[in-house]
Amino acid sequence: GTNALVANTTAEENTAVGFAALQDNTTAINNTAMGSETMKATTTGANNSGFGKGALRFNTTGADNAAVGRQALQSNTTGAQNVAMGTCALFTQSSGGNSNVSVGNYSMKLNTTGDNNVAVGYSALCKNTTAGSNTAVGHSALFDNTTGGTNTALGTSSLENNTTGGSNVAVGYNSLSSNTTGANNV
């Protein structure tokens, strides 16, 4: 596509398909970008895969990321070893935010620098910003969580309203859904 790999200088083994895909890439290697503006800002980040319009759009030096879906990992700049699958999965993650797995539309959408999180399901861990080491499996599991860490929520709407509470375990539909700041609950 137009402007795909246009700034490439010494980089090798990259594939870019779509308008401005890998446009700013200069020396990064082993990247695959498919979709309009996918990985557009990547300069030196290597071993990334982006599929879908705007996936990894602002990534510059982040490496070993995989983004599948429209605007998945779009705002990531330096975060590494992340997996985002679904529309707007890990959408606002910027600098930092490493080793996250986000599968489902809008899962971990507002994460900025949280590390080592797993979110599976539509809007799971949607509002997480900086919290780490959370596991959310199910539609809206840990939906409102922002800074509460080391929580485990398994089931639709489990720990849905938790914001800052940490070290909670909720298993089953709607379990601990009213908890907001409580900690160490099972």
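Residues: numbered from 1 along the sequence shown.
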*Asks:* Applying side chain to side chain contact (heavy atoms under 4.5 Å, CB included), name anything that partners Thr156, two or more places apart in sequence or on another chain.
*Replies:*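 Counting only residues at least two positions away or on another chain, Thr156 forms a side chain to side chain contact (heavy atoms under 4.5 Å, CB included) with His139, Tyr173.
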*Asks:* Verify the distance criterion only: is there a donor paired with an acceptor across the side chains of Thr26 and Thr43 at less than 3.5 Å?
*Replies:* no
*Asks:* Got a sec, which residues hit salt bridge (charged side-chain N to carboxylate O under 4.0 Å, His left out) with Glu160, two or more places apart in sequence or on another chain?
*Replies:*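 In terms of salt bridge (charged side-chain N to carboxylate O under 4.0 Å, His left out), with neighbours along the sequence ignored, Glu160 is linked to no residue.
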*Asks:* How many angstroms lie between CG in Asn31 and CD in Glu13, if you round to the nearest 0.5 Å?
*Replies:*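 Answer rounded to 0.5 Å: 11.0 Å.
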*Asks:* Ignoring hydrogens, what is the shortest heavy-atom contact between Thr150 and Gly166? Give both atom names and the distance.
*Replies:*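 Thr150 and Gly166 have their closest heavy atoms at OG1-C, 4.5 Å.
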*Asks:* Which heavy-atom pair separates Gly54 from Thr38 by the least distance, and what is that distance?
*Replies:* N-OG1, 3.8 Å
*Asks:* Check whether Asn105 reaches the backbone of Thr87 with its side chain - one donor and one acceptor, N or O, closer than 3.5 Å.
*Replies:*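 A pair under 3.5 Å: yes.
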*Asks:* Any side-chain heavy atom of Asn117 within less than 4.5 Å of one from Thr135?
*Replies:*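 When only atoms from C-beta onward are counted, Thr135 and Asn117 do not touch, as no gap falls below 4.5 Å.
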*Asks:* Are the side chains of Thr61 and Thr77 in contact, using a 4.5 Å heavy-atom criterion?
*Replies:*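 When only atoms from C-beta onward are counted, Thr61 and Thr77 do not touch, as no gap falls below 4.5 Å.
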*Asks:* List the atom of Ala72, the atom of Gly86, and the distance in Å for their closest heavy-atom pair.
*Replies:* CB-O, 3.7 Å
*Asks:* Within the side chain of Ser102, is there an N or O that forms a donor-acceptor pair under 3.5 Å with the backbone of Ser107?
*Replies:*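 Between the backbone of Ser107 and the side chain of Ser102 there is a qualifying donor-acceptor contact (under 3.5 Å).
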*Asks:* Find the distance between OG (Ser49) and CE (Met39) and round it off to the nearest 0.5 Å.
*Replies:* 7.5 Å
*Asks:* Could you tell me the separation between the CG atom of Leu56 and the CD atom of Gln71, rounded to the nearest 0.5 Å?
*Replies:*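 Result: 12.0 Å between the selected atoms.
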*Asks:* Taking Asn48 for the side chain and Gly62 for the main chain, is one N or O donor matched with an acceptor at less than 3.5 Å?
*Replies:*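 Yes, Asn48 side chain to Gly62 backbone: donor-acceptor pair under 3.5 Å.
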*Asks:* Grouping I, L, V, M, F, W and Y whenever their side-chain heavy atoms are under 4.5 Å apart, do Val171 and Val186 come out in a common cluster?
*Replies:* yes
*Asks:* Please identify which of these residues, Thr146, Asn145, Asp144, Thr112, meets the side chain to side chain donor-acceptor pair (under 3.5 Å) condition with Asn128.
*Replies:* Asn145
*Asks:* For the residue pair Ala89 and Gly104, what are the closest heavy atoms and their distance?
*Replies:*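 Of all heavy-atom pairs spanning Ala89 and Gly104, the closest is CB-O, 3.9 Å.
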*Asks:* Without swapping roles, check the side chain of Thr78 against the backbone of Gly96 for a donor-acceptor pair under 3.5 Å.
*Replies:*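 Looks like yes, one N/O pair under 3.5 Å.
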*Asks:* Starting from the C-alpha separation in whole Å, work towards a yes-or-no answer on side-chain contact (heavy atoms from CB on, under 4.5 Å) for Phe143 and Asn162.
*Replies:* CA-CA 8 Å; Phe143 179 84; Asn162 192 76; over 6 Å; no
*Asks:* Of the non-hydrogen atoms in Ala119 and Ala124, which two are nearest, and what is the gap between them?
*Replies:* CB-O, 3.7 Å
*Asks:* Would you say the side chain of Thr42 lies within less than 4.5 Å of the side chain of Asp24, judging by non-hydrogen atoms?
*Replies:* no
*Asks:* Heavy-atom distance under 4.5 Å between the side chains of Leu90 and Asn76, does that happen here?
*Replies:*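 They are not in side-chain contact.
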*Asks:* Just do the side-chain contact (heavy atoms from CB on, under 4.5 Å) check on Gln81 and Asn98 with the steps written out, would you?
*Replies:* CA-CA 6 Å; Gln81 300 173 340; Asn98 299 305; 5.7 Å; no
*Asks:* Under a 4.5 Å cut-off applied to non-hydrogen side-chain atoms, are Asn161 and Asn179 in contact?
*Replies:*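 Not in contact.
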*Asks:* Is there a continuous path of hydrophobic side-chain contacts, each under 4.5 Å between heavy atoms, that joins Leu125 to Val120?
*Replies:*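 No; Val120 is not reachable from Leu125 via cluster members.
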*Asks:* Is there a donor-acceptor pair closer than 3.5 Å between any side-chain N or O of Asn3 and the backbone N or O of Ala21?
*Replies:*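 No, because the side chain of Asn3 does not come within donor-acceptor range (under 3.5 Å) of the backbone of Ala21.
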*Asks:* Under the side-chain hydrogen bond (donor to acceptor under 3.5 Å, both in side chains) rule, what do Thr147 and Thr130 come out as? Steps first, then yes or no, please.
*Replies:* CA-CA 5 Å; Thr147 59; Thr130 60; 5.5 Å; no
*Asks:* To the closest 0.5 Å, what do you measure between OG (Ser123) and OH (Tyr106)?
*Replies:*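 It comes to 8.0 Å.
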*Asks:* Is it the case that one hydrophobic cluster holds both Val83 and Phe51, taking links as side-chain heavy atoms less than 4.5 Å apart, direct or via other members?
*Replies:* yes
*Asks:* State the CZ-CD distance between Arg57 and Gln74, to the nearest 0.5 angstrom.
*Replies:*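 One finds 7.0 Å between CZ of Arg57 and CD of Gln74.
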*Asks:* Keeping the roles fixed (side chain from Asn168, backbone from Gly182), state whether a donor-acceptor pair exists under 3.5 Å.
*Replies:*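 Confirmed, Asn168 side chain pairs with Gly182 backbone.
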*Asks:* Is a donor on one side and an acceptor on the other found under 3.5 Å between the side chain of Asn14 and the backbone of Ala28?
*Replies:* yes
*Asks:* With a 4.5 Å cut-off on side-chain heavy atoms, are Thr129 and Asn111 touching?
*Replies:* no
*Asks:* Sub-3.5 Å donor-acceptor pair from the side chain of Ser157 to the main-chain atoms of Ser140, do we have one?
*Replies:* no
*Asks:* Do Asn134 side-chain atoms and Asn151 backbone N/O form a donor-acceptor pair below 3.5 Å?
*Replies:* yes
*Asks:* Nearest 0.5 Å please: distance from the CG atom of Asn59 over to the OG atom of Ser75.
*Replies:*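 Going from the CG atom of Asn59 to the OG atom of Ser75 covers 11.0 Å.
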*Asks:* Whether the side chain of Thr164 engages the backbone of Thr181 through a donor-acceptor N/O pair (distance < 3.5 Å, no angle test) should be reported.
*Replies:* no
*Asks:* I want to check something: taking the side chain as every heavy atom from C-beta on, are Ser99 and Asn116 in contact at a cut-off of under 4.5 Å?
*Replies:*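 Touching, per the 4.5 Å side-chain cut-off.
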*Asks:* Testing the basics here: between Gly172 and Ser158, what is the closest heavy-atom pair and its distance to 0.1 Å?
*Replies:* O-CB, 3.7 Å
*Asks:* With a 4.5 Å heavy-atom cut-off, do Asn185 and Val169 have their side chains touching?
*Replies:* no
*Asks:* Answer with yes or no whether the side chains of Gln93 and Asn100 bring together a donor and an acceptor at under 3.5 Å.
*Replies:* yes
